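Written out below as structure tokens is the structure these notes cover.
So you know, we letter chains A, B, ... as the sequences are listed, proteins then strands, and number each from 1. Note: hydrogens, waters and symmetry copies are ignored here, and every other heavy atom, side chains too, is used. Please read all numbers here as calculations on a predicted model, not as lab measurements.
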Number of protein chains: 4
Amino acid sequence: MTGSVAPGRPRSESARVAVLHAVDDLLVEVGYSAMTMKGIAERAGVGRMTVYRWWPTKAHILVEACAEDARGELAVTAHADPVRTLTDFLAGLAAFLTASPAGAAYRALLGEAQHDPEVGRLVADADLLGAPARVVLDHVRSRLGAVPEDRFAVAELCGPLALSVMTGAPAPARPALRAMARRLATAWA
Amino acid sequence: MTGSVAPGRPRSESARVAVLHAVDDLLVEVGYSAMTMKGIAERAGVGRMTVYRWWPTKAHILVEACAEDARGELAVTAHADPVRTLTDFLAGLAAFLTASPAGAAYRALLGEAQHDPEVGRLVADADLLGAPARVVLDHVRSRLGAVPEDRFAVAELCGPLALSVMTGAPAPARPALRAMARRLATAWA
Amino acid sequence: MTGSVAPGRPRSESARVAVLHAVDDLLVEVGYSAMTMKGIAERAGVGRMTVYRWWPTKAHILVEACAEDARGELAVTAHADPVRTLTDFLAGLAAFLTASPAGAAYRALLGEAQHDPEVGRLVADADLLGAPARVVLDHVRSRLGAVPEDRFAVAELCGPLALSVMTGAPAPARPALRAMARRLATAWA
Amino acid sequence: MTGSVAPGRPRSESARVAVLHAVDDLLVEVGYSAMTMKGIAERAGVGRMTVYRWWPTKAHILVEACAEDARGELAVTAHADPVRTLTDFLAGLAAFLTASPAGAAYRALLGEAQHDPEVGRLVADADLLGAPARVVLDHVRSRLGAVPEDRFAVAELCGPLALSVMTGAPAPARPALRAMARRLATAWA
DNA sequence: GCTTAAGCGAGACGGTACGTCTGGTCTTACT
DNA sequence: AGTAAGACCAGACGTACCGTCTCGCTTAAGC
């Protein structure tokens, strides 16, 4: 019988969600580098200690705030034709990276990961792109014979779009994405 | 022929190179986020105003400091076999991204570009990966019939490795890179 | 007769004395300004609310903790010779102000009284020096003809030593105290 | 030849006096304990680092701010009659301690000295009461034969009023001060 | 023996000052 | 006019304590 209950006042759920929403809002309003722990606390109407008590850096808050959204936006319905499945995923990924608040958070996090190894581990553990990508890969693997192992397949599936967007290119149009998916299917046939 | 010479004391070349060296050193020693304008000036033995006079942010210094090295490290000698050419390029790229100081600078800049649109433009203009990649693409295009247009081809060539390294994965070994090159050659055949 | 008894759990005597002891200890260990309500509660093994419920500030706790000791340490046995009585009192006062924990508490309170008028009232009401001094004055008044009224006599008796100690001087030796007592007796003869 | 000049921008005199005035104002407006380094900087229209660069604590600022005023207010013109000289000094001291901003600063500092030994040393070194008192003592010593050595004489001269005021009593009226001066003259005759 | 009500410990809460740091700007004298 | 030095104002950093609150538990008096 575990039964033991933490003593003292329990954590405030309302403070938690206020912080997560504040981070969401501030990221799009002022950008990642202008988003400060102080600003988050004030925007959320929360004490600064309350923020520091539960999250060590703004990156940690951002991961928690966007993880759920990210997984939802990258989910895809499978089709018999692997090219269509891949195209759908690429279209979702392009929209995510270029137009979604959660995608902006992801890019900010991936950027911060290049500056701070601890954020790097955080992002690697969250595996925000890899998890949805693996769902797609599991499906196309039954139709294509030479899909490489996950770590390469995820990179080949998501890397071109990710690098493209991160270097400032606009999201490719659907026909270009379909051509990209076809090349992948050819390579993995 | 302007002939006119700026009046007053000319810009100090020694201060310029001292700053560029200081940035190189500090990036590997303390990392991008711990590298401050103040620290750069002190390390270079230079006044802070001198740094601000010539570069608006540390990102600008970093671009100037690493651009040349970056291009050099990604040059590749062409072979008759496109797979070998691609493999060599991928190996160079993997080494650049994971082991080279210039590569660390590139990752830091690409990261900062996600936080600051002006740095984004700077990185896009410098086109550090794209330029060497296009040299390779121009060569393999004579042996492969379906290499897509540059903006997609560069992304498909560099994106998988870039995303992989940026999410914390180690550099793939040579056989895996050769397999990756073969898949590209298949897709672009 | 009210006879009515408060319902509910009665105040915990053990918590009360634990707090008073904690304050005594902390004053000598860390000093007045480093002594916090939080620290007092933790040292006493008591909840912070329990402290705030019964005392509004640390000054109030300190008064309660030291008042009794203070009065005891300043009591003096009367002699036929008023100079000897005054000398004994001054010696006790000097020891109290420089060497006694209760004296340290008194000085801290008198100091705090200069910052916070409410503490000033508290200290004035407790009258920690005045009460023992008046006992001495009542005695010497029967041997000396011109002891001024209490409020001046207490100040002239205690003030020199108090100011001296509060400005950092060490306690005078017994002969100097005897000389001081003689001068008082002369002035008040 | 000393001739050497400190390099860099010289200290701003305007910032210095702004801080000193801010401290003067804040002490009377909000009191010592509510006077914060942050508040001083804001009131002075000065950066917080500028305050910390030149003064480690608010006590240090206060000493610098009130030292000059204090000496001026406690100066006294000597008379042939030592009782009159002493009475004048006591009247000045009473006004200083109860009505002057500089006197309020002195009381606050003496209070803080009881909490913080470093402030104690600061106040002891400044010797704000002792210096003016010694001027008076030097004068009356030529008319009175038994003025004790300085450290006791200063305490006997200033201590009664100081303790009286610090324990909350109002300033005595002139006749009471004259009586006090007469007692001192008798004791020191 | 059950109810009632207040005290108790723990610890999270919003708030704010602390002292430090960096950012960018400025003001010197020197080169 | 460019430079090294360093002071300037501004404001975020992460920590500490403030005084309050919200829990579940304890302790007695009174029904």
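- Scanning residues 29-42 of chain B for heavy-atom distances under 4.0 Å to DNA chain F yields an empty list.
- With sequence neighbours left out, B:A18 forms a side-chain contact (heavy atoms from CB on, under 4.5 Å) with B:A44.
- Two end axes, each from the C1' atoms of five base pairs, can be drawn for the helix from E:dG1-F:dC31 to E:dT31-F:dA1; they diverge by 10°, to 10 degrees.
- Between atom SG of residue C:C66 and atom CD1 of residue C:I61 there is a gap of 12.0 Å, rounded to the nearest 0.5 Å.
- Under the side chain to side chain donor-acceptor pair (under 3.5 Å) criterion, the residue pairs touching residues 33-42 of chain C are C:K38-C:E42, with sequence neighbours excluded.
- For D:E112, there are no side chain to side chain donor-acceptor pair (under 3.5 Å) partners, not counting sequence neighbours.
- A search for side chain to side chain donor-acceptor pair (under 3.5 Å) contacts involving D:H60 returns D:T57, not counting sequence neighbours.
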When the side chains of residues 23-30 of chain B are checked against the rest of the protein, which donor-acceptor pairs come out under 3.5 Å, sequence neighbours left out?
| residue | atom | partner | partner atom | Å |
| --- | --- | --- | --- | --- |
| B:E29 | OE1 | B:R43 | NH1 | 3.1 |
| B:E29 | OE1 | B:R43 | NH2 | 3.3 |
| B:E29 | OE2 | B:R43 | NH2 | 2.7 |

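- Note: NZ (A:K58) to C1' (F:dC13) measures 12 Å, nearest angstrom.
- Counting only residues at least two apart or on different chains, the side chain to side chain donor-acceptor pair (under 3.5 Å) pairs with a member in residues 45-55 of chain A are A:W55-A:E64.
- Look at NE2 on D:H60: it is 12 Å from P on E:dG19, rounded to the nearest Å.
- With sequence neighbours excluded, the residues forming a side chain to side chain donor-acceptor pair (under 3.5 Å) with C:E13 are C:R16, listed by chain and number.
- In this view, D:R9 satisfies the side-chain contact (heavy atoms from CB on, under 4.5 Å) rule with no residue, not counting sequence neighbours.
- Per the geometry, OH belonging to A:Y52 stands 17 Å off P belonging to F:dC17, to the nearest Å.
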Would you list the atom pairs, donor with acceptor, under 3.5 Å between side chains in residues 102-109 of chain B and any protein atom, with sequence neighbours excluded?
| residue | atom | partner | partner atom | Å |
| --- | --- | --- | --- | --- |
| B:R107 | NE | B:L97 | O | 3.1 |
| B:R107 | NH1 | A:Q114 | OE1 | 3.0 |

| request: Sugar-phosphate atoms are those with a prime plus P, OP1 and OP2; base atoms are the rest. Using that split, label each nucleotide of nucleotides 6-14 of chain E B, S or - for protein heavy atoms under 4.0 Å, 5' to 3'. | output: BBBSBBBBB

